[in-house]
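All heavy atoms count here, side chains included; hydrogens, waters and symmetry mates do not. Note that the numbering runs from 1 along the sequence shown for the chain. Ligands are counted one by one from 1 in listed order, and the atoms in each one are counted from 1 as well.
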Amino acid sequence: MKLLWATDLHLIDTAATDWSPLLCAVDDETHAIILTGDIAESDQLLATLDSLADEAKVPVFFVLGNHDFYGSNIGETTRRVVHHVRGDDRLVYLTDSQPIELATNTYLIGDDGWGDAVEGNYETSFVRLNDFKRIDDFRDLASDHWKQKLIELGQQCADRLSSKLDQIPGDAAHVLIATHVPPFCEACWYEGKTTDENWSPFFVCGAVGRVLREFAASHPSINVTVICGHTHHDGIAKIANNLIVHTGAATGGVPEIEAELTIDEVGLSVKRLS
Ligand SMILES: [Fe+2]
Ligand SMILES: [Fe+2]
């Protein structure tokens, strides 16, 4: 079985999108496409998902990234997406889905993730993302409450992910986790180096990282593979013997494949295509 992974497409004009760079990799072996967030912005998001679902001959599993909420608020965008895709077998919002058994003993789960101010030093950081201007939840909130909001969002992601991990059978061999924000500083790449104190509050979801570390430590026989985006720079981080994170390096604006994921009797392997 083969899965195609793409991330951070940042598509701004659905009607003008040429899907062929992504879809040319789809063949008879392809089970699904996985998108790890920053697909579009809120006004184009549903149309973009529909466009891809129309063109692809396989289901599209996805999570949302921070840019997908631009021009709206988090609750409203999430509700619209959930309402839109429920009952549509072509589109699966992993944040709103229970574990999916991809193959015998191999499961897929996902959650959006959020740079949650848990890692690095939020107070001294010079970084302030456009999220604070483009997402209503932050724009309408006094800046001295932003940090608490980030923490809450990260914890919500971690809580949802934790409840999904609780459903993974003890005899599972592999869990594939799709999320937008790298869950560890070690997986937050920029030009071959990992993040610093300034960027990690906004580029690492520390609460999700804690959940994943605990799950991997308490389930040594289950291999956990994480795929994520958000930094637009690629790298592989081995966090534990059974926990590895692949971060994607999308340029945005062009729907390209990041990697091909193969599940066979040997396990789950990731082959970069970009
Ligand atoms: Fe992005
Ligand atoms: Fe992002």
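Within D8, the N/O/S atom positioned nearest the Fe ion (ligand 1) carries the name OD2. Here the N, O or S atom of D38 that is nearest to the Fe ion (ligand 1) is OD2. Closest to the Fe ion (ligand 2) among the N, O or S atoms of H230 is ND1. Closest approach between the Fe ion (ligand 1) and any N/O/S atom of H232 involves NE2.
Within the 4.5 Å cutoff, no side-chain heavy atoms of N241 are placed close to those of N223.
Not a single N/O/S atom of H180, whether from backbone or side chain, sits less than 2.8 Å from the Fe ion (ligand 1). Among the atoms of H10, an N, O or S atom falls under 2.8 Å of the Fe ion (ligand 1).
Note that CD of E260 and CD of E29 are 9.5 Å apart. Values are rounded to the nearest 0.5 Å. Interatomic distance, NZ of K2 versus OG of S269, reported as 11.5 Å (0.5 Å rounding).
Checking I34, T225, I263, V175 one by one against L108, the side-chain contact (heavy atoms from CB on, under 4.5 Å) holds for a single residue, I34.
The environment of D89 atom CG is sparse: at most 12 non-hydrogen atoms of other residues, nucleotides or ligands sit within 6.0 angstrom.
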